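Below is one structure, written out as structure tokens; comments come after it.
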Amino acid sequence: MTGKYATERLCADAGGIARAARILAGGGLVAVPTETVYGLAARADSETAVAGIYLAKGRPSFNPLIVHVADMAMARRLAVVSPAAEALAAAHWPGPLTLVLPRREDAGLAEAVSAGLDTVALRMPAHPAMRELIGAVGAPLAAPSANRSGFISPTRADHVLGSLDGRIDAVLDGGECPRGLESTIVAVRADGSADVLRPGPIDLGEMAKKGAIEAPGQLASHYAPGKPMRLDATKVAPGDFLIGFGAIAGDCTLSASGDLEEAATRLYACLHEAARAPQASIAVAPIPEQGIGRAINDRLRRAATPPA
Ligand code: TXA
Ligand code: MG
């Protein structure tokens, strides 16, 4: 692929992480493995570094970024962490939960991180490579999923290079992302009320899921594989690439044993395979709407919605 960068592929060992930290400290862009998906990281306190993320992804400027922190002290310097938010963080951090909180005026974050909102989305990741990087850089890292805007999220370094080669400084290859699906996003207000803005690996089932206004990135069409997609398919039509689940075996199968956690881990790899396949359309077997199945179906519905 062409672009102004000669994108380096780094191994996620001590040397690779040190090199990635130097690039990030200097304001560069590095795709980094997390337990959910690969994120395109840049220091969140630099206007120019954050502007680089939007440019590399072709991301609309109204869509804010998640800021990744190393510890609670860093989180409290960036946002007002209410007791309700502290309780959620204590239960689920480090891990695949993002909290949307009131942003502190003296947070020292690039303005573009919040895209004009007075809130900031914070996550303390569990993946050791991402944790070491935040520590080595000594600054919070902004990181959206490391894909071109609107396209399928990456769970392998090859997926990242497929859409961002030549547009970023480096990718840190840490193998496959263990959870495979983006974090659950919860907005917590000063009065302690909370809403799920995006379902994800952490099932907060009883919490209400709110509309799209507060999560500007939750557009109806997203994760687009670039061809028509049919959900709840029990039969293959001629010309379909079938994504199977449970008893329905496909060209790619999310989980032959019907395990929803395994299906989440494999979802984006199967969507990438379906996008590359010669078949003109994609059919997906029914996925139970329970636990992480809700988040899988949320992503599948967006992938099946044609761009406006
Ligand atoms: O697991 C994840 O969350 C991954 C890894 C890399 O951490 N990141 C990720 O980022 O999925 P992204 O940019 O693809 O999705 C972030 C979502 C977007 O829908 C965005 O609109 C929403 O978070 N968001 C960010 N800041 C927000 C804010 N202040 N208020 C409401 N929504 C926000
Ligand atoms: Mg994304």
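The structure displayed is predicted, hence computed values, not measured ones. Atoms considered below: every heavy atom in the structure, side chains included; atoms not considered: hydrogens, waters and symmetry mates. For reference, positions follow the sequence shown, starting with 1. Whatever order the structure lists ligands and atoms in, that order sets their numbers, starting from 1.
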Determine, stepwise, if the pair S183 / T98 fulfils side-chain hydrogen bond (donor to acceptor under 3.5 Å, both in side chains).
-> CA-CA 6 Å; S183 61; T98 295; 2.8 Å; yes
Where does [X] meet ligand 1, judged by heavy-atom distances below 4.0 Å: at the side chain, the backbone, both, or neither?
| X | result |
| --- | --- |
| I185 | side chain |
| L117 | side chain |
| R59 | side chain |

Numbering the atoms of ligand 1 from 1, which are under 4.0 Å from a heavy atom of [X]?
| X | value |
| --- | --- |
| T36 | 1 (O), 2 (C), 4 (C), 5 (C) |
| S183 | 1 (O), 2 (C), 3 (O) |
| P144 | 10 (O), 12 (P), 13 (O) |
| I66 | 3 (O), 8 (N), 9 (C), 10 (O), 16 (C) |

Salt bridge flag under 4.0 Å for residues E111 and R103 |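 Salt bridge flag = yes for R103 with E111.
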If you measure from the Lys or Arg side-chain nitrogens to the Asp or Glu carboxylate oxygens, is any gap between D298 and R294 under 4.0 Å?
->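 A salt bridge is absent here (no side-chain N lies under 4.0 Å from a carboxylate O).
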Judged by non-hydrogen atoms, does R198 sit under 4.0 Å from ligand 1?
->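 Distance cut 4.0 Å: R198 passes for ligand 1.
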Does at least one non-hydrogen atom of A143 fall below 4.0 angstrom from an atom of ligand 1?
->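 Within the 4.0 Å threshold, so yes.
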Is the shortest N/O to N/O distance between [X] and ligand 1 below 3.5 Å?
| X | value |
| --- | --- |
| T119 | yes |
| T34 | no |
| R123 | yes |

Is a donor on one side and an acceptor on the other found under 3.5 Å between the side chain of R131 and the backbone of P125?
->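 Yes.
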Is there a donor-acceptor pair under 3.5 Å between the side chain of Y54 and the backbone N or O of A112?
->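 Side chain of Y54 to backbone of A112: a pair is present.
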Which heavy-atom pair separates A139 from I134 by the least distance, and what is that distance?
->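 Minimum heavy-atom separation between A139 and I134: O-CG2, 3.5 Å.
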Which atoms form the tightest heavy-atom contact between A85 and L101, and what is the distance?
->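 In terms of heavy atoms, the two residues are closest at CB-CD2, 3.6 Å.
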Going by the salt bridge (charged side-chain N to carboxylate O under 4.0 Å, His left out) test, which pairs reach into residues 241-266, not counting sequence neighbours?
->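 Checked against salt bridge (charged side-chain N to carboxylate O under 4.0 Å, His left out) - neighbours excluded - the pairs reaching residues 241-266 are R179-E261.
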Only one of V113, T119, V120 forms a side chain to side chain contact (heavy atoms under 4.5 Å, CB included) with L117, so which one is it?
->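 Of the listed residues V113, T119, V120, the side chain to side chain contact (heavy atoms under 4.5 Å, CB included) partner of L117 is T119.
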Relative to each other, are the rings of F151 and H272 parallel, tilted or perpendicular (30° and 60° limits)?
->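 Geometry flag for H272 against F151: perpendicular rings.
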Compare V120, N63, V32 and give the one whose heavy atom is closest to atom 20 (C) of ligand 1.
->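 Of the listed residues, N63 has the closest heavy atom.
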Sort by chain and number the protein N/O/S atoms that are closer than 2.8 Å to the Mg ion (ligand 2), and list them.
->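 Hits for the Mg ion (ligand 2) below 2.8 Å: S145 OG.
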From M124 CE over to H68 NE2, what is the distance, rounded to the nearest 0.5 angstrom?
->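 One gets 12.0 Å once the value is rounded to the nearest 0.5 Å.
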Verdict with reasoning, C177 to R156, per side-chain contact (heavy atoms from CB on, under 4.5 Å) | CA-CA 7 Å; C177 298; R156 298 176 185 168; over 6 Å; no
